[in-house]
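Please read the structure below before turning to the comments.
Note that ligands are numbered from 1 as they come in the structure, with each ligand's atoms numbered from 1 the same way.
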Amino acid sequence: MCGIVAAAAGKNIVPVLVEGLKKLEYRGYDSAGLAVIAGNGIERVRSVGRVAELEAASADTQAATGIAHTRWATHGVPCERNAHPHVSGSIAVVHNGIIENYESLRNELTAQGYVFTSDTDTESIAHLVQATLKTEPDLLKAVQIACQRLVGAFAIAVIDHNQPGKVIVAREGSPLLLGVSDSGNYAASDASALLQVTRNMVYLENGDIAELTAAKVRITRLDGTPVQRPVHVSQLSAAAVELGNYQHYMQKEIFEQPEALANTLEIVGGSKTIQPGIFGAEAGNLLADVDAILILACGTSSHSGFTARYWLERIAGVPCNVEIASEYRYRTSVPNPRQLIVAISQSGETADTLAALRHAKSLGQTKTLAICNVPESAIVRECALRFITRAGPEIGVASTKAFTTQLAALFLLTLVAAKVKGRLSEEQEATYIHQLRHLPVAVNKVLELEDEIKAWAQRFADKHHALFLGRGRHYPIAMEGALKLKEISYIHAEAYPAGELKHGPLALVDADMPVISIAPNDQLLDKLKSNLKEVQARGGELYVFADADSEIPESDGVHILRLPEHYGELSPILHVIPLQLLSYHVALVKGTDVDKPRNLAKSVTVE
Ligand code: G6P
């Protein structure tokens with residue numbers, strides 16, 4: 001998704017803008033650009049491709065005020081003409097989001113004589129602000145007035161070379177925060193872009209607009225009413241977003257999972273019991289009245305929800321449904337005010353998940369819980385209860401450590417729900433907590449299988465399709481494995497519950513179709529073995545992720561990799577790790593852009 005960085009300081013800010021954009025690269029983008037207030041007007045540099053190219057192209061640019069942007073194409077193909085900033089006369093604008101009424105604005109402004117040079121919705125903002133400046137010369141007020149005409153979701157930053165030293169930023173729906181310091185003031189789509197200059201962050205609310213100069217920050221609502229927003233000292237570690245010794249963020253994040261899980265589970269401490277309060281002070285009362293759970297999420301986060309459904313129904317006995325947020329938000333559903341709405345999101349800003357949460361609430365379902373990796377995010381702010389996964393910043397587009405920490409959080413929710421419903425004995429509780437606590441060690445042992453997985457990966461590189469099979473709580477893990485493979489290696493992959501094999505996908509199986517199967521030693525293993533025989537009989541090549549004690553022999557066309565420990569209910573958390581490693585290594589063999597797969601974005605803040 002698009003990323004914004006803006007700066008007004010008493011020094012050259014071009015390196016800050018470029019460094020900030022580099023930190024936002026993980027969000028996904030196809031072009032980049034910056035505009036600064038130079039001596040004789042707006043100086044703009046844009047390039048298609050990586051921020052490194054923009055950095056080279058802007059090496060001679062110097063200024064104390066400027067805005068910068070990474071663009072993820074929505075309106076108009078990726079090309080320099082469509083890259084931000086967009087300029088109209090004296091002003092330049094960068095924008096994240098979608099302006100829904102851009103066509104009518106474009107017609108109106110074209111009729112007034114403004115000439116559009118791009119296909120973007122953003123350019124209409126640039127001309128609209130320029131047109132407004134004719135009657136309202138103060139930039140802050142002109143942007144306030146212009147924003148009131150915009151329909152849709154946006155975060156914008158605007159500069160005017162006739163009013164140097166000033167940046168105006170505004171948000172309505174898309175993320176934007178300020179970084180404040182004695183030597184300058186800044187804005188960006190997320191805090192990681194600004195840690196290079198300050199830890200003091202001010203989170204703008206929807207409908208806020210701010211004027212930044214090197215010395216001062218002034219925040220008002222879009223109607224001009226002044227507001228104060230608190231300064232938060234970001235706890236984000238700058239090192240957490242550095243690559244260190246790793247080749248890719250995805251690789252780093254896969255290997256950070258033991259630590260991410262340990263951090264996330266720290267909340268349980270050394271105790272043998274678990275308290276509802278870990279989800280918020282109100283959790284005990286609220287959960288006691290809950291008679292069902294509805295999980296809303298997108299992408300990988302939805303797979304953690306689909307997995308948790310098996311836990312919540314089996315261990316806690318609570319009916320649970322999982323819905324893809326973009327479907328739920330537009331479907332006519334039957335609301336249940338006693339249902340707990342669980343919104344799962346790594347970023348906490350995914351537009352569809354946020355909209356689905358709001359939709360659920362608008363139907364009178366106010367018992368809400370956010371499971372999220374970003375404490376200050378919109379989804380967390382809008383839920384009654386919260387659990388913050390402590391995975392640390394996740395940069396790779398393909399989600400890994402966010403997923404396993406979500407699973408840990410959802411297992412804790414299962415235990416709390418079971419306890420509140422009187423379905424968990426003290427002994428069971430202590431056993432589960434012990435298993436949870438051992439997870440970081442167990443995951444570490446699975447990571448040691450990397451070399452074997454690397455060898456398997458070589459055999460996938462020339463394949464065009466792959467089938468992932470799982471049963472029960474490992475079916476969503478098969479879904480996650482298939483998603484990982486297609487996201488970063490571009491091999492078409494599908495997941496099926498193994499029992500469905502005969503109902504269609506078996507027709508596809510031949511020697512060119514690798515079939516990856518998750519085969520833990522559980523009550524479904526025997527059934528799964530019969531499914532695997534069906535594949536073998538059709539000449540299919542099987543890659544089986546089994547447990548140490550799953551009795552599946554290696555044979556011609558059947559490759560077995562055994563996970564060191566058999567992990568019972570929590571086995572999905574271990575079994576997803578080799579699938580993450582497999583896609584990572586297949587992508588390496590294929591030479592794809594692992595951290596920034598084509599067409600995908602890390603944080604999908606538009607519909
Ligand atoms: C994008 C990302 C995925 C992520 C999904 C949901 O598609 O590429 O990795 O799973 O959004 O994001 P969220 O931040 O809500 O978990």
Side-chain angles (χ1 to χ4, degrees), residues 1-3 24-30 72 74 174-175 189-190 192 248-250 253-254 257 260 264 295-308 322-329 341-358 369-383 386-389 391-410 476-477 479-490 576 579-580 583-584 587 592-607:
M1 272 312 86
C2 303
L24 297 180
E25 282 191 293
Y26 76 94
R27 294 164 67 87
Y29 70 104
D30 41 56
W72 191 73
T74 54
S174 301
S189 303
D190 75 44
S192 62
H248 296 99
Y249 282 108
M250 183 183 181
E253 287 155 9
I254 290 174
Q257 286 178 108
T264 300
I295 296 177
L296 303 171
C298 301
T300 288
S301 294
S302 74
H303 295 157
S304 70
F306 284 114
T307 311
V322 187
E323 287 213 39
I324 300 294
S326 54
E327 283 296 312
Y328 176 76
R329 64 181 288 194
I341 305 294
V342 182
I344 308 177
S345 174
Q346 187 285 127
S347 61
E349 302 287 349
T350 301
D352 280 321
T353 309
L354 186 57
L357 169 68
R358 289 179 179 157
L369 164 68
I371 293 183
C372 187
N373 199 33
V374 182
E376 303 90 357
S377 61
I379 288 175
V380 172
R381 289 200 304 265
E382 296 192 20
C383 281
R386 67 202 47 195
F387 185 97
I388 306 301
T389 51
E394 192 180 65
I395 310 290
V397 165
S399 183
T400 51
K401 62 177 181 171
F403 179 68
T404 41
T405 53
Q406 284 166 357
L407 287 176
L410 287 159
I477 298 305
M479 290 160 76
E480 176 58 9
L483 176 63
K484 287 282 90 78
L485 191 69
K486 76 179 97 162
E487 275 182 312
I488 61 165
S489 75
Y490 314 147
V576 75
L579 302 182
Q580 296 168 344
S583 2
Y584 175 68
T592 55
D593 192 345
V594 173
D595 286 330
K596 298 178 214 83
R598 68 185 181 203
N599 308 336
L600 299 182
K602 179 69 182 162
S603 185
V604 182
T605 50
V606 293
E607 217 182 315

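Of all atoms in ligand 1, listed by their number and element, those nearer than 4.0 Å to a heavy atom of S301 are 10 (O), 13 (P), 16 (O). Ligand 1 places these atoms under 4.0 Å from at least one heavy atom of T300: 10 (O). Atoms of ligand 1 lying under 4.0 Å from at least one heavy atom of S399, given by number and element, are 9 (O). Near Q346, meaning under 4.0 Å from one of its heavy atoms, ligand 1 places the atoms 13 (P), 14 (O), 15 (O), 16 (O). Applying the 4.0 Å criterion to heavy atoms of A601 picks out, from ligand 1, the atoms 1 (C), 2 (C), 8 (O). The atoms of ligand 1 that sit less than 4.0 Å from any heavy atom of S345 are 13 (P), 14 (O), 15 (O), 16 (O).
The shortest contact between atom 6 (C) of ligand 1 and any protein heavy atom is with C298 O, 3.5 Å. For atom 11 (O) of ligand 1, the closest heavy atom belonging to the protein is K602 O, 3.9 Å. The single protein non-hydrogen atom nearest to atom 12 (O) of ligand 1 is T350 OG1, 3.3 Å, given as residue, atom name and distance. Among all protein heavy atoms, the one lying closest to atom 3 (C) of ligand 1 is V397 O, 4.0 Å.
Proximity of A297 to ligand 1, defined as any heavy-atom pair under 4.0 Å, is not found for any part of the residue. The proximity of V604 to ligand 1, defined as any non-hydrogen pair under 4.0 Å, is limited to the side chain.
In this model, no donor atom of one side chain and acceptor atom of the other lie less than 3.5 Å apart for Y584 and Q580. Side-chain contact annotation: S301 with Q406, donor-acceptor N/O pair under 3.5 Å present.
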Given T405 and F387, is the side chain to side chain contact (heavy atoms under 4.5 Å, CB included) satisfied, shown in steps?
CA-CA 11 Å; T405 53; F387 185 97; over 6 Å; no
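Residues S399 and E394 form a side-chain contact, since some pair of their non-hydrogen atoms from C-beta on lies under 4.5 Å apart. Contact of the I344 side chain with the L410 side chain is registered, since non-hydrogen atoms from C-beta on lie closer than 4.5 Å. Side chains of E349 and V374 form no contact here, defined as non-hydrogen atoms less than 4.5 Å apart.
Contacts of K484 classified as salt bridge (Lys or Arg N to Asp or Glu O under 4.0 Å), with partners at least two apart in sequence or in another chain: E480, E487. Residues that satisfy the side chain to side chain contact (heavy atoms under 4.5 Å, CB included) test with A482, not counting sequence neighbours, are F468, A493, A495.
When atom types are taken as modelled, the side chain of K602 and the backbone of G396 share a donor-acceptor pair closer than 3.5 angstrom.
A heavy-atom separation below 4.0 Å is not found between A402 and ligand 1.
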